[in-house]
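Report on one structure; see the data block that follows.
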Amino acid sequence: MKNQLASFRGAATLFAVAGILMVLIAAPASAQTAPGKGAKPTVEDARKFLADASARLFDLTVESGRATWVQETFITYDTEILAA
């Protein structure tokens with residue numbers, strides 16, 4: 001179970017990094033400045049964002065896994081909705 005959670009967290013981090021890179025590549029240079037600051041985000045801002053995104057994705061992955069387990073164990077209309 002512990003290895004599985006570590007694997008989920010690694011995958012969540014990878015998806016977060018990929019998403020950030022896609023946004024940065026697709027956004028025009030004028031859109032890459034921080035709103036209200038007038039300057040580009042710093043490396044520390046990126047690290048904080050990645051840490052926050054990784055933690056959030058990990059929490060969502062655990063919640064999704066639990067809902068899926070309950071749905072697969074107790075197959076009812078309500079658990080189908082939870083898993084969806």
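Quick caveat, the model's predicted, so the values are computed rather than measured. Sequence positions, counted from 1, serve as the residue numbers for this chain.
- For T73, the side chain to side chain contact (heavy atoms under 4.5 Å, CB included) partners at least two apart in sequence or on another chain are W69.
- Partners of E72 under the side chain to side chain contact (heavy atoms under 4.5 Å, CB included) rule, at least two apart in sequence or in another chain, are T68.
- Between L82 and Q71 there is no side-chain heavy-atom pair separated by less than 4.5 Å.
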Run the numbers on R56 and L60 for side chain to side chain contact (heavy atoms under 4.5 Å, CB included), then give the verdict. CA-CA 6 Å; R56 178 71 176 135; L60 290 173; 3.6 Å; yes

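- Salt-bridge check for K48 with D52: passed, with a basic side-chain N closer than 4.0 Å to an acidic carboxylate O.
- Checked by atom type, the side-chain pair T61/S64 shows no donor-acceptor distance below 3.5 Å.
- In terms of modelled atom types and a separation under 3.5 Å, the side chain of T79 and the main chain of V70 share no donor-acceptor contact.
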